Amino acid sequence: MSRNNNINNYKKNNNSLSFYLYNSAKSVIYVKNRISLKKAFSEIFNKKNISEKAKGAIKDITYYTIRHLRLVEMLLNKLIKKPIKISILKGLFFCSLALLIKTENRNIKNKNNNIKNYYKIYTIVHQSVNVAQFNFKIIYAKNMINAILRKFLREKKEIFKKIYNISESYWNYPIWWINHIKITYPNFFQWKNILDIGHKKPPLTLRINQRKTTLISYNKLLKKSGLETTIIGPLAIKLHTPISIYKIPKFLNGFSSIQDAAAQLAAPLLDIRSGMYVLDACAAPGGKTCHLLEIADIKLIAVDNNSSRLNMISENLKRLNLKATLIPLDISKINLKKLSININKKTNNRFKFSENKYFDRILADVPCTGSGVVRRNPDIPWLRRKNDIKKLSKYSYKILDNLWKMLKPGGKLLFVTCSLWFEESEEQAMIFSKNHKDSIRLYSPGQLLPTINKNQDYDGFFYSLFQKNKK
Ligand SMILES: C[S@@+](CC[C@H](N)C(=O)[O-])C[C@H]1O[C@@H](n2cnc3c(N)ncnc32)[C@H](O)[C@@H]1O
């Protein structure tokens, strides 16, 4: 067969390991260039006609590699003499080494296991070489790939010994991230647990829709459908094995939504009652918006500065048969004196934020570094820089400050982040209290650390609830 035919077959056969490796390598390089995996996958999967099976495999390899990124980087450095300049080749080495480690670990743990989703060692090496075979840019490196991966297999014990006690390769986070976790949570068990959980696969947690079902009856329905579940919150059910939403009973009929158990605390904390005006200020994709609407018949305005993300709220509202007014708006920049919003198209009922001090309740789920949700987004530590913490804190403070002006006297504002950093969360809450003499800080859970045990499984979140003094 000619080389051209080979290339065409390779491009068509998007279910080969070399195809998965090539696209995983590309995704990992996105992250190395500080572009999120979400963006990477959307660009890579949009361009080509890639099967669902291939998408799943590419995601699996990519996530596994990102969770071992510093380790594979250090391994590669020990294996090569000169630095590799071509990024796709570097990405390929990262992914191939990660897959080899995955298979080796699995073999050590359970020698006789029928290995599912794991590749044989020689397949990984062979398919890695194949990636170069069919890519002009790195075809020259065919033999080198073979040699280096085999060198790794021969010398892995000695190489591991050299790098395993280095904090970065042991924990697989950037060094500033590890140090900042240790400084923020000096208790050994706390910082170790946070770093450990960041590399665990997240659970699929459902929030049941209390307008349509109850926790007990929906849990029974799930079990009857053969799903293993655990109840982990007042409305939260964890599925032991994540499945597609299309396979979750009555999901498309709005009986449940996907939402982490700690994120499910937000809506109840706001203590809403029917008839209230509620502003969900940084609302997309609408997890908390929908939860609020499931609790009471409120008039809800959901705002986000990202219009395409606002569309995600519309989809969720539609599935759950709920209604809200959606408005694209940058809360950090609004001029309250000029701002008026049409809240009822039929009656043309408008209100001006500054005049009416309108809202009974405000949810401020502000943008943050996302350090509490790393297990769901393992790229986060590699995308962020340390000074992002300060920048984002300043930005979200501006949002909080503007929102406070829109709250009725006696009204409540809930400040939420999915961060573990003190600077973004408790420190902002303290500054806010100090600068707003008309605020009272009410009880709320404060900082929740990511937790996994038998009956609890949730991400890291921060909650702080404020009430405005009645004049
Ligand atoms: C943590 S996410 C919100 C998650 C959402 N509350 C939920 O539960 O599904 C933060 C959101 O704030 C939005 N955002 C960022 N800056 C904003 C701004 N200046 N004004 C309004 N929304 C903003 C982002 O687009 C993002 O959708």
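Side-chain atoms are counted along with the backbone in the values below, which use heavy atoms only and exclude waters and symmetry mates. Ligands are counted one by one from 1 in listed order, and the atoms in each one are counted from 1 as well. Note that the structure is a prediction, hence the values are computed from the model and not measured.
- The closest protein non-hydrogen atom to atom 23 (C) of ligand 1 is N305 OD1, 3.1 Å.
- Taking every non-hydrogen atom of K288 and a distance limit under 4.0 Å, the qualifying atoms of ligand 1 come out as 7 (C), 8 (O).
- Looking at A283 against ligand 1, only its backbone comes within 4.0 Å, counting heavy atoms.
- Within the 4.0 Å heavy-atom shell around ligand 1 one finds L329.
- Ring centroid separation for the pair F94 and H68 does not come in under the 6.0 Å cut-off.
- Under 3.5 Å, the side chains of S217 and T214 contain a donor-acceptor pair of N or O atoms.
- Looking only at atom types and distance, the side chain of S419 has a donor-acceptor partner in the side chain of S371 under 3.5 Å away.
- For I331, a nitrogen or oxygen atom sits less than 3.5 Å from a nitrogen or oxygen atom of ligand 1, counting backbone and side chain alike.
- T205 places no side-chain N or O within 3.5 Å of a backbone atom of D260 that could act as its donor or acceptor partner.
- Those atoms of ligand 1 with a heavy atom of S332 less than 4.0 angstrom away are 19 (N).
- A perpendicular orientation is assigned to the rings of W191 and F188, their planes being inclined by more than 60° (bins at 30° and 60°).
- Between D60 and K102 no salt bridge is recorded (no basic side-chain N to carboxylate O distance below 4.0 Å).
- There is no side-chain donor-acceptor pair under 3.5 Å between D379 and S36.
- Interface atoms of ligand 1 facing D330, defined by a heavy-atom separation under 4.0 Å, are 18 (C), 19 (N), 20 (N).
- Close approach of ligand 1 to N306 (heavy-atom distance below 4.0 Å) involves ligand atoms 25 (O).
- N46 and E43 share no side-chain donor-acceptor pair at under 3.5 Å.
- Atoms of ligand 1 found under 4.0 Å from any heavy atom of Y395, numbered from 1 in the order shown, are 16 (N), 17 (C), 18 (C), 19 (N).
- Among the atoms of C282, some N or O lies under 3.5 angstrom from an N or O of ligand 1.
- With a 6.0 Å radius and a threshold of 12 heavy atoms from other residues, nucleotides or ligands, K250 has its NZ atom at or below the threshold.
- The protein heavy-atom contact nearest to atom 2 (S) of ligand 1 is A284 O, 3.8 Å.
- In terms of N/O distances under 3.5 Å, ligand 1 is approached by G287.
- In this structure, the protein non-hydrogen atom closest to atom 6 (N) of ligand 1 is D365 OD2, 2.7 Å.
- Between the side chain of E426 and the backbone N or O of Q447, no donor-acceptor pair lies under 3.5 Å.
- Judged purely by distance below 3.5 Å, without hydrogens or angles, the side chains of K223 and T229 pair a donor atom with an acceptor atom.
- Protein heavy atom at the shortest distance from atom 24 (C) of ligand 1 is D304 OD1, 3.5 Å.
- No N or O atom of D280 sits closer than 3.5 Å to an N or O atom of ligand 1.
- With a 4.0 Å heavy-atom cut-off, ligand 1 is reached by the side chain of R309 but not by its N, CA, C or O.
- Between I399 and ligand 1, no pair of N/O atoms sits closer than 3.5 Å.
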